[in-house]
There are 2 protein chains.
Amino acid sequence: MPLRIVVATGSSVPIYRQVVEQVRLAAATGRAKAGDALPSVRTLAEELVVNPNTIAKAYGELVREGIAEAQPGRGVFIAAKRSVYSRAERARRVEGALEEFIHEAVCLGMPEEEIRALFEKRLSRADFKQGEDKP
Amino acid sequence: MPLRIVVATGSSVPIYRQVVEQVRLAAATGRAKAGDALPSVRTLAEELVVNPNTIAKAYGELVREGIAEAQPGRGVFIAAKRSVYSRAERARRVEGALEEFIHEAVCLGMPEEEIRALFEKRLSRADFKQGEDKP
DNA sequence: GGTACTGTACTATACGACCTAGTACACATC
DNA sequence: GATGTGTACTAGGTCGTATAGTACAGTACC
């Protein structure tokens, strides 16, 4: 099974972005291992009832980010050396989302302890290692 | 001084959204108190060198969210009874941003302890009560 | 070589969100 | 009445997203 990808066409987030995020998550959690092949541009496009260009755009972004590697004529594969961001680089990329979260919570008048509780609750549900198909 | 609002025209986030966020934050931190008048649509538009419709859209959203109240012919004012969301309602609105943050962190392979450290560090910098003009 | 697949590049078109421009109306204040 | 207020409407521009179609180079297999 070459990695199941699904998208919500009605969502406000672009289709190509959804594809990028899913592959990124699969690669990060280990559900997709280095060397695994992604569905071909045309195959996935047909499966999702979406234009091949949209998938090509998503794959292009994955290659640009270092998550995947394209081998022209063969296909696109999960990159070998898992984009090793430094601690600082990783923190920099995550900080935007963190800022957004804290800002939203503070704006709504959520007390500090409640923010912490919500955070801890969600963190305990996160899977950091191997991903399973049926959570 | 009727609440200073600034926007970055070059930003990717829409102008009207920036206005909404700034008023929302000012109201939440107490920098703008209940009954305080917002700049008039035309005044703020001229000040920011922006179309009045853009400001009207932002104010409309603030009224819809309950942060402000419009008095036709008089102006727009910070709402009296600070949109008192229930705990559940508040949590529901914040969860999206939290989800995004955790997802981003996990995707980049950030270990649990580092996520927690980053979160605690940022939380300690958040001001939950009175806001000052020069932080 | 021939066929079938792969990724990639390009143009053209359509749609929606955002923003601008201009006008108009109802209301409040003086 | 004059002025300032919020609101509503139409029209147009820009930009990102997605579609449609075509074309080309590389790889794999018979």
Side-chain angles (χ1 to χ4, degrees), chain A residues 2-3 5-24 27 32 35-80, chain B residues 2-3 5-24 27 32 35-80:
Chain A
L3 183 58
I5 296 176
V6 295
V7 296
T9 51
S11 169
S12 70
V13 313
I15 295 174
Y16 85 96
R17 215 79 203 65
Q18 295 183 42
V19 173
V20 169
E21 286 308 313
Q22 286 188 40
V23 175
R24 213 159 71 132
D36 281 4
L38 269 54
S40 83
V41 168
R42 291 171 179 80
T43 301
L44 184 55
E46 189 171 0
E47 188 177 323
L48 300 182
V49 195
V50 145
N51 194 281
N53 287 339
T54 303
I55 307 300
K57 184 173 183 179
Y59 282 7
E61 191 146 317
L62 285 166
V63 170
R64 223 172 305 119
E65 288 189 21
I67 282 97
E69 281 177 355
Q71 300 183 16
R74 296 197 62 232
V76 177
F77 306 84
I78 300 293
Chain B
L3 183 59
I5 295 176
V6 294
V7 296
T9 52
S11 169
S12 71
V13 314
I15 295 174
Y16 86 96
R17 214 80 201 68
Q18 294 183 45
V19 173
V20 168
E21 286 308 312
Q22 286 188 41
V23 175
R24 212 158 73 134
D36 280 5
L38 268 55
S40 84
V41 167
R42 290 170 180 79
T43 301
L44 184 56
E46 190 170 0
E47 189 177 323
L48 300 182
V49 196
V50 145
N51 195 280
N53 288 337
T54 303
I55 306 300
K57 184 173 182 177
Y59 282 8
E61 191 146 324
L62 285 166
V63 170
R64 222 172 308 119
E65 288 189 22
I67 281 98
E69 280 177 357
Q71 299 183 18
R74 295 197 62 234
V76 178
F77 305 84
I78 300 294

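Each chain gets a letter, A, B and so on, in the order its sequence line appears, and its residues count up from 1.
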- Task: Remember a base hit wins even if backbone is also touched, and classify Ser12(A) as base, sugar-phosphate or nothing at under 4.0 Å, heavy atoms.
- Result: nothing

- Query: Applying salt bridge (Lys or Arg N to Asp or Glu O under 4.0 Å), which residue pairs with at least one partner in residues 6-16 of chain B are found, sequence neighbours left out?
  - Reply: none

- Atom CD of Glu61(A) to atom P of dG7(C): distance rounded to whole Å? 17 Å

- Message: On the nucleotide dG4(D), are OP1 or OP2 found under 4.0 Å from the side-chain N or O atoms that Ser40(B) carries?
- Response: no

- In chain order, what residues pass the side-chain contact (heavy atoms from CB on, under 4.5 Å) check against Ser11(B), with sequence neighbours excluded? Ala8(B), Val13(B), Gln18(B)

- Tell me, please, which residues at least two apart from Arg17(A) pass salt bridge (Lys or Arg N to Asp or Glu O under 4.0 Å). Glu21(A), Glu61(A)

- Where protein sits on nucleotides 19-30 of chain D, one letter per nucleotide: B base, S sugar-phosphate only, - none, heavy atoms under 4.0 Å: BBB-B--BSS--

- Task: Would you indicate which nucleotide in dT17(D), dC19(C), dT7(D) comes nearest to any side-chain atom of Tyr16(A)?
- Result: dT17(D)

- Message: On DNA chain D, does the nearest nucleotide to Tyr59(B) precede the nearest nucleotide to Lys57(A) from the 5' side, or the other way round? Give the residue.
- Response: Tyr59(B)

- Message: Apply side-chain contact (heavy atoms from CB on, under 4.5 Å) to residues Val76(B) and Leu62(B) and explain how you reach the verdict.
- Response: CA-CA 10 Å; Val76(B) 178; Leu62(B) 285 166; over 6 Å; no

- Query: Rounding to a whole Å, what distance do you find between Glu46(B):CD and dT5(D):C1'?
  - Reply: 15 Å

- Interatomic distance where CG belongs to Leu48(A) and P belongs to dT17(D) [whole Å]: 18 Å

- Item | Sequence-distant partners of Thr54(A), side chain to side chain donor-acceptor pair (under 3.5 Å), two or more places apart | none

Would you be so kind as to tabulate the donor-acceptor pairs closer than 3.5 Å made by side chains of residues 39-52 of chain A, with sequence neighbours excluded?
residue	atom	partner	partner atom	Å
Ser40(A)	OG	Thr43(A)	N	3.0
Ser40(A)	OG	Thr43(A)	OG1	2.7
Asn51(A)	OD1	Asn53(A)	N	2.9
Asn51(A)	OD1	Asn53(A)	ND2	3.4

- To the nearest angstrom, how far is Leu44(B) atom CG from dC19(C) atom P? 13 Å

- Item | Nucleotide dT7(D), atom P - distance to CD1 of Ile55(B) in whole Å | 13 Å

- Please determine, for the side chain of Val41(B), which listed nucleotide (dA18(D), dG7(C), dG6(D)) has the closest atom? dG6(D)

